[in-house]
Amino acid sequence: MITLRRQPSGVSGFPLSLVVTMLLLASVDKSRSEDFVELIRLDATLVIDLPYATENNFCKTKLYPVERCFLRREVAEALVKAHQSLAEKGLGLKVWDGYRPHSVQYKMWEVSPLPGYVGHPRRGSKHNRGAAVDVTLIKLATGEELEMPTPYDEFSPRAHTGYFKISPEVAENRKLLQSAMRSQGFSTIQSEWWHFDYRGWERFPLSNIPLENLAERSDEEVAAHVAESSKNTVVSAWPRFRGPNGGGVAVDPDVPLEWSAEKNLKWSLELPGPGSSSPVTWGDRIFVTAYSGYGDGKSEEAKPLDLVRHLLCVDLKTGRTLWTASEPAVVAEDSFEEFLPEHGYASSTPAIDGERVYCFYGKNGVFAYDFEGRRIWSAPTGKLSSKMTWGSAASVVLSDKAVIINAGDEARALIAFDKLTGKELWRMEHPMLEQTYNTPILHPVSPERTDLIVAFRDEIRGLNPLDGTVRWFSPSPVGGNLSGSPLLLSENRVGVFSGFPRTLGAVFRGGGEGDRTAEALLWESTQAKSYMPVPVEHKGLLYWVTEDGIATCARPENGEVVYRERLDIASEDGRGMAFYASPILVGDHLVAVSRHAGTFIISAKPEFDLVRINRIEGDRTRFQGTPAVSAGHLLLRSEKALHAIAK
């Protein structure tokens, strides 16, 4: 309980409250609400805990009507970078205060007129400009605060940044916080270890925009994003690996087929780490994953539990990061050795349904986020490894109310989770799912029936996606490890192209019931084959480029090869497989992204015709993700950056 003092007189005997009002009105804030951004919209893994939105603060009264934290956009983006720089250590930031309306400063001063701790309201605080922030360090996995010299807002010498009567651990924690913040342009003040001012703070005027007004505007922007996304779902959604139902076909006449670093490269965004996953889109939002901390080549001392996965939400038109959700590993993945460096720890492509984004992070489970980056739920998927210890690669599939994960390596199972809650709905276990890295597809057999097609070693199955029961099955000649995903073809056919050491292509007749050993397989071929890239079908023919760089065209009804032409895949950085990504069809052209030699544009017609090879000069990292298409944009991801190609 706080006892308020009798209000002193102000200027010429006027009450102080009236003077305050006159001052505020005399210096009308020319800031616009658009200058501010809500922190969790940039990175939902930031922990927001505002004591001033409660009575648990030094004023012992609620000063903020809402627990919503804002900063000037430039300041907020720098803070997010500081937060993300800590993720490799499994740490992050908790924010205690950000922008503070100027009128609140007067209330604080009335309670505690302490120069050095509370900014004088006549000059205002950097908080009133949206250019200062109060933060501490937390463990991302648990949210636990790291020990610091004092609790928040303890106005004592112990809070000073130079106070030395502390343990080495506390001193190191304070030093780590200061280092992360200073690296992004923030500076400390002597009296408070938690307080940081952004460089050039004087550029931002004092502001008195109420927090509730900023919160209302932020909510309106979210609603507008959702509404815009809903309008664009038909023409600009690429919601999973290889687009709608994994077909790899883009119906978008505005996508350019010629580009370079100087032509039709609309923007490039540097990613927080490498990855082999594909971007996915919904409306004007792009979602893409990456990893850091372990296996990214930055530290030879890094350990498996230093691994952090990142989900980025990016604005399609500008390439600006809207938010990042980071998940530190709590279970060690397979070691970064043998074959695992070929693809890394962000190989699974997310799936989206217009409301949520679903990510599969191997032994660390499956995660669901809303479109503002808030984690809705997570669920375990198993901790096993295959005998090859090659890591995870299968992408997420959505069906009705289910999130379906091929956890072949992690659990020797296909697992379905409830979209809303993460509760396990069903699982299909089979030992031959080991070393199956592909992604199932949905096969609409009839208006009343849809099958979930699952291809694993030596067998193919059609499941009921609602409960996981087997509707039909057949032996498959495709064995060994399966990296290529099944694909839906015309005339009720299903293709499977993969296998090792015997690589081949096989096509089956879909539908039916029970054991279909005698009649499901239509053909198999060791010429019309591919280990990893998945073909596309166009005007009665199949087109693809194999992992070793052979452009191939074949007939889906019998596997007859129309042509096989070796591409010039030589490059200064070339090593290993030439192609990891699957091709996609854009109009009448195949777009095939190689790892090192550029993107090959090939006419989709019976006669081989290489139109051109496009390269983005300056990015010499590997291009491993299958491209995506949305609203006239072709999206390419390398191990360094996300590139948008558009006219």
Side-chain angles (χ1 to χ4, degrees), residues 242 245-249 438-446 451 453-462 471-480 482-567 579 582-585 588-590 592 602-610:
R242 300 185 73 235
N245 202 26
V249 176
N438 59 20
T439 304
I441 57 168
L442 295 170
H443 178 199
V445 178
S446 70
D451 289 352
I453 304 299
V454 184
F456 51 95
R457 295 190 297 160
D458 304 324
E459 188 171 322
I460 184 170
R461 290 183 176 184
R471 285 175 169 161
W472 67 269
F473 65 94
S474 172
S476 170
V478 186
L482 271 68
S483 296
S485 299
L487 70 152
L488 192 63
L489 302 175
S490 58
E491 299 185 19
N492 198 32
R493 294 181 293 231
V494 176
V496 180
F497 291 73
S498 199
F500 188 85
R502 183 172 181 260
T503 301
L504 68 160
V507 170
F508 301 82
R509 182 74 67 193
E513 301 287 344
D515 185 350
R516 299 185 53 231
T517 302
E519 40 81 28
L521 180 63
L522 298 178
W523 58 263
E524 62 179 277
S525 171
T526 56
Q527 295 298 307
K529 64 177 182 178
S530 179
Y531 172 64
M532 189 173 295
V534 182
V536 295
E537 185 178 23
H538 181 60
K539 295 182 178 179
L541 291 172
L542 295 174
Y543 298 91
W544 71 98
V545 177
T546 66
E547 66 283 351
D548 50 358
I550 299 176
T552 308
C553 174
R555 302 189 187 281
E557 64 269 20
N558 56 21
E560 176 190 347
V561 174
V562 177
Y563 67 70
R564 279 169 56 89
E565 297 285 344
R566 183 170 293 279
L567 302 176
F579 286 79
S582 293
I584 63 170
L585 186 75
D588 291 324
H589 292 83
L590 199 68
I602 303 169
S603 294
K605 60 184 181 181
E607 302 79 26
F608 175 71
D609 178 20
L610 175 61

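Two residues are said to be in side-chain contact when any heavy atoms from C-beta on lie closer than 4.5 Å; Asn438 and Phe456 fail this criterion. Within the 4.5 Å cutoff, no side-chain heavy atoms of Asp451 are placed close to those of Leu442. A 4.5 Å side-chain heavy-atom check between Leu541 and Pro606 finds at least one atom pair inside the cut-off. The shortest side-chain heavy-atom distance between His589 and Ser603 falls under the 4.5 Å cut-off. Proximity of Leu489 to Leu542: side-chain heavy atoms (C-beta onward) are separated by under 4.5 Å at one or more points. At a threshold of 4.5 Å between non-hydrogen side-chain atoms, the residues Phe473 and Asp515 count as touching. At least one side-chain heavy atom of Pro477 sits less than 4.5 Å from a side-chain heavy atom of Leu504.
Between Pro583 and Val534, the closest heavy-atom pair is CD-O, 3.3 Å. Heavy-atom minimum distance, Gly248 versus Val536: O-CG1, 3.7 Å. Listed here is the closest heavy atom pair of Ser525 and Gly559: OG-O, 4.4 Å. Counting all heavy atoms, side chain and backbone alike, Ser476 lies closest to Ile460 at CB-N, 4.2 Å. Here the closest non-hydrogen pair linking Arg242 and Ser582 is NE-CB, 3.8 Å.
Here CG of Leu590 is found 10.5 Å from CG of Leu610. Values are rounded to the nearest 0.5 Å. Rounding to the nearest 0.5 Å places CG of Leu488 at 5.0 Å from NE2 of His443. The structure places CG of Leu482 at 9.5 Å from OG1 of Thr503, a figure rounded to the nearest 0.5 Å. Here the straight-line distance linking atom CZ of Arg509 with atom CD of Glu491 works out to 6.5 Å at 0.5 Å rounding.
When each of Val545, Thr546, Asp548 is paired with Phe579, the side-chain contact (heavy atoms from CB on, under 4.5 Å) condition holds for Val545 and for no other. The only member of Arg493, Arg555, Glu557 that meets side-chain contact (heavy atoms from CB on, under 4.5 Å) when paired with Val507 is Arg493.
With sequence neighbours excluded, no residue forms a ring pair (Phe, Tyr, Trp, His ring centres under 6.0 Å) with Phe508. Judged as a salt bridge (charged side-chain N to carboxylate O under 4.0 Å, His left out), and not counting sequence neighbours, the contacts of Arg502 are Glu524. By the salt bridge (charged side-chain N to carboxylate O under 4.0 Å, His left out) test, Glu607 pairs with no residue at all, sequence neighbours left out. For Arg457, the salt bridge (charged side-chain N to carboxylate O under 4.0 Å, His left out) test picks out no residue, with sequence neighbours left out.
The ring pair (Phe, Tyr, Trp, His ring centres under 6.0 Å) analysis of residues 517-549, with sequence neighbours excluded, yields the pairs Phe497-Trp544, Phe500-Tyr531. Residue pairs meeting the salt bridge (Lys or Arg N to Asp or Glu O under 4.0 Å) criterion with at least one partner in residues 527-546, sequence neighbours excluded, are Lys539-Asp588.
For Ser498 (side chain) and Ser483 (main-chain N/O), a donor-acceptor pair under 3.5 Å exists by modelled atom type. Here the side chain of Thr552 pairs a donor or acceptor atom with the backbone of Ile550 at under 3.5 angstrom.
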